[in-house]
Structure formats: C-alpha cells, structure tokens
Amino acid sequence: MNIFRLAGDMTHLASVLVLLLKIHTIKSCAGVSLKTQELYALVFAARYLDIFTHYISFYNTMMKLIFLGSSFSIVWYIRHHKIVRRSYDKDQDTFRHYFLVLPCLLLALLINEKLTFLEVMWTFSLYLEAVAILPQLVLLQRTRNIDNLTGQYVFLLGAYRALYILNWIYRYLTEPHYVHWITWIAGLVQTLLYADFFYYYFQSWKNNEKLHLPA
C-alpha cells in the first residue's frame, strides 16, 4: 500500500458513492448507462471470485465486498426500482456492450500470466474494465446534457485509474522485479479513453460552464 494506491481506491469508492447518491436521493438515473454498469458488475464478479479462498487483508476484503455490492445494487436500481427506472434513457443507451465481452474473454485466454481459471477470469476483468466506460461515454455524447453528479462520477472513475498508474510507477521504482505488463497496458488504455472527457470537464470547470461533450 502507498499513497497513490490509497488515493486511487478512495477515488474509486467516491465515484460509486456519487452515483449511488444520485440514484438513491434524487431517484433518477438520467445520463447513466445501464450497459456500463452491467459491464462493471461483470468485471467485479470475475475479478473477485477468490474472495472466499484468498484472504489478503480486512481492507482488501471489505473493498471487494463494497464494489461487488454497489455494482449489482446500481444495476438493480436502474432495472427494477419503480421510480428510478422511469428516468433511464433506453433509446439513447444503445451501445452493444455484449460485443465487448467475448473479445475480452478470448484475449484473456490467449494472453495471461498463468492459464488457470481464476487467473483467466482476473485477466478478463482487466481487459473488460479497460473498455467498460465506452457505453457511458457514448451516451454522454448523444445526450450532451450532463448533470453535475454524472459528470463527477465519470471524472472520479477516470481519476481512479490515473492514480493507479502513478501507483504502478511508484512500485516499479521502489520494488524489485515489479513488472505486470497486462495490468499496465489495460490500465493505460482505460485512462486514454477518458482523455477527451477530461479535456471538456476541465474546460467547463475553468469557464464555469455546464459540461457538454461534442457529438
């Protein structure tokens, strides 16, 4: 654990809390992509299959439970809550997210650190997480009307991954033999997907304007 890893975890947690705050208190999921949330639920389900077999620490286990519980809760809210589901923009959230799942799984079977079930599922979760934000970004480009909480949620998600890159750099410089190319490349791809959003987010903040993404 180092300051960059801790900051990344807390930023990731903050992104989930912001989204839950929006959905639970405002009773609205406007601007939120169900497709992205379903992909994240699959990411965490695949990544944390070892939760009951591989204990690392109390902190690690609690974070796994929080992300598993929150991701499936968000999907349930959008799909089944009698008020929240009315605000879901199904007509705009049309990205065919299932087309991302099979290529990521095949890539995990071909490129992994160890050909075991848990290792392949963990690698699959890395590849899928790298592209899971795509339906959300496409939805924001289509609607263009981005409320503050949705914008903060996406910004915090991107910031979490950027902080993890700093964590990897720090560990590479301070820990001998710390090399994880799969994790690094997937994380870099994920961060690059946020680059356009970051630019317009900071522009709106600097000019004190409502956030808009170009169509």
Side-chain angles (χ1 to χ4, degrees), residues 12-24 26-49 66-108 121-161 186-187 189-198 200-201 211-215:
H12 195 185
L13 181 60
S15 72
V16 173
L17 293 177
V18 165
L19 185 54
L20 283 173
L21 176 69
K22 172 188 169 101
I23 292 175
H24 183 71
I26 305 177
K27 297 294 187 292
S28 171
C29 63
V32 178
S33 170
L34 172 61
K35 308 296 180 64
T36 282
Q37 298 309 315
E38 288 176 339
L39 290 177
Y40 278 129
L42 183 56
V43 164
F44 296 129
R47 182 171 300 171
Y48 301 145
L49 286 171
I66 288 171
F67 288 124
L68 277 169
S70 60
S71 61
F72 281 95
S73 295
I74 291 168
V75 170
W76 179 88
Y77 262 109
I78 299 175
R79 280 191 170 277
H80 301 295
H81 193 280
K82 61 182 180 180
I83 298 176
V84 174
R85 68 182 182 182
R86 296 174 189 168
S87 59
Y88 172 52
D89 195 350
K90 184 178 180 180
D91 293 334
Q92 295 289 345
D93 190 24
T94 57
F95 190 102
R96 297 183 178 180
H97 62 320
Y98 43 83
F99 284 162
L100 299 174
V101 176
L102 184 58
C104 289
L105 181 57
L106 292 175
L107 188 60
M121 287 296 99
W122 179 80
T123 307
F124 163 67
S125 77
L126 291 179
Y127 295 150
L128 188 59
E129 185 183 15
V131 295
I133 196 62
L134 283 174
Q136 179 65 67
L137 294 177
V138 170
L139 176 61
L140 294 183
Q141 286 183 318
R142 287 176 177 173
T143 59
R144 303 193 66 187
N145 187 20
I146 308 170
D147 63 81
N148 288 334
L149 288 178
T150 303
Q152 290 171 12
Y153 163 69
V154 177
F155 171 77
L156 288 169
L157 267 183
Y160 132 72
R161 182 48 72 188
V189 170
Q190 184 179 355
T191 305
L192 290 174
L193 289 177
Y194 286 91
D196 194 54
F197 176 87
F198 281 154
Y200 289 102
Y201 184 91
L211 175 61
H212 294 282
L213 296 184

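What you are looking at is a predicted structure, and each value in this text was computed from that prediction instead of being measured.
A side-chain donor-acceptor contact under 3.5 Å links S87 to the backbone of C29. Of the possible donor and acceptor atoms, none in the side chain of T36 sits under 3.5 Å from a partner among the backbone N and O of S33. Between the side chain of D93 and the backbone N or O of L139 there is no donor-acceptor pair closer than 3.5 Å. In terms of modelled atom types and a separation under 3.5 Å, the side chain of R85 and the main chain of I78 share no donor-acceptor contact. Here the side chain of T150 pairs no donor or acceptor atom with the backbone of I146 at under 3.5 angstrom. Judged by distance alone, the side chain of Q136 and the main-chain N or O of G31 form a donor-acceptor pair under 3.5 Å.
With contacts defined as side-chain heavy-atom distances shorter than 4.5 Å, the pair L149/I26 qualifies. In this structure, the side chains of N148 and Q152 come closer than 4.5 Å at one or more pairs of heavy atoms. You'll find the side chain of E129 stays beyond 4.5 Å of the side chain of L39, heavy atoms only. Side-chain contact between I66 and V16 is absent, with no heavy atoms from C-beta onward closer than 4.5 Å. Under the 4.5 Å side-chain criterion, counting only non-hydrogen atoms from C-beta, K90 is not in contact with L34. F124 has its side chain within reach of V101: a pair of non-hydrogen atoms, C-beta onward, lies under 4.5 Å apart. Side-chain contact between V131 and L134: present, with at least one pair of heavy atoms (C-beta onward) separated by less than 4.5 Å.
Rounding to the nearest 0.5 angstrom, the gap separating the CE atom in M121 from the CG atom in L126 is 11.5 Å. Note that the OH atom of Y40 and the CD1 atom of I133 stand 4.0 Å from one another [nearest 0.5 Å]. How far NZ of K35 is from CZ of F95: 9.0 Å, rounded to the nearest 0.5 Å. To the nearest 0.5 Å, atom CD of residue Q37 and atom CG of residue L42 are 13.0 Å apart. Separating the CG atom in L128 from the SG atom in C104 is a distance of 5.0 Å, to the nearest 0.5 Å. Put simply, CG on L105 and OG on S125 are 11.5 Å apart, with the number rounded to the nearest 0.5 Å.
F155 pairs with exactly one of F197, Y160, Y194 by the side chain to side chain contact (heavy atoms under 4.5 Å, CB included) rule, that one being F197. Tested against Y127, the residues L107, V43, L100 include a single side chain to side chain contact (heavy atoms under 4.5 Å, CB included) partner, L107.
There is no side-chain donor-acceptor pair under 3.5 Å between R86 and S28. There is a side-chain donor-acceptor pair under 3.5 Å between R161 and Q190.
With sequence neighbours excluded, the residues satisfying side-chain hydrogen bond (donor to acceptor under 3.5 Å, both in side chains) with H24 are Y77.
For the residue pair F198 and A159, the shortest heavy atom distance occurs at CZ-N, 3.7 Å.
Relative orientation of the W76 and H80 rings is tilted, given thresholds of 30° and 60° on the angle between their planes.
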Next on the checklist: Is there a side chain to side chain contact (heavy atoms under 4.5 Å, CB included) between V75 and R79? Walk through the geometry before answering.
Outcome noted: CA-CA 6 Å; V75 170; R79 280 191 170 277; 4.1 Å; yes
Checklist entry - Should F67 and H12 be marked as a side chain to side chain contact (heavy atoms under 4.5 Å, CB included) after you check the CA-CA gap, both sets of side-chain angles, and the distance that decides it? => result CA-CA 9 Å; F67 288 124; H12 195 185; 3.5 Å; yes
Item to check | Check against side chain to side chain contact (heavy atoms under 4.5 Å, CB included), E38 and H97 | outcome: CA-CA 9 Å; E38 288 176 339; H97 62 320; 2.9 Å; yes
Item to check | Check against side chain to side chain contact (heavy atoms under 4.5 Å, CB included), V154 and L137 | outcome: CA-CA 9 Å; V154 177; L137 294 177; 4.2 Å; yes
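Taking a cutoff of 4.0 Å between a charged side-chain nitrogen and a carboxylate oxygen, D147 and K22 qualify as a salt bridge.
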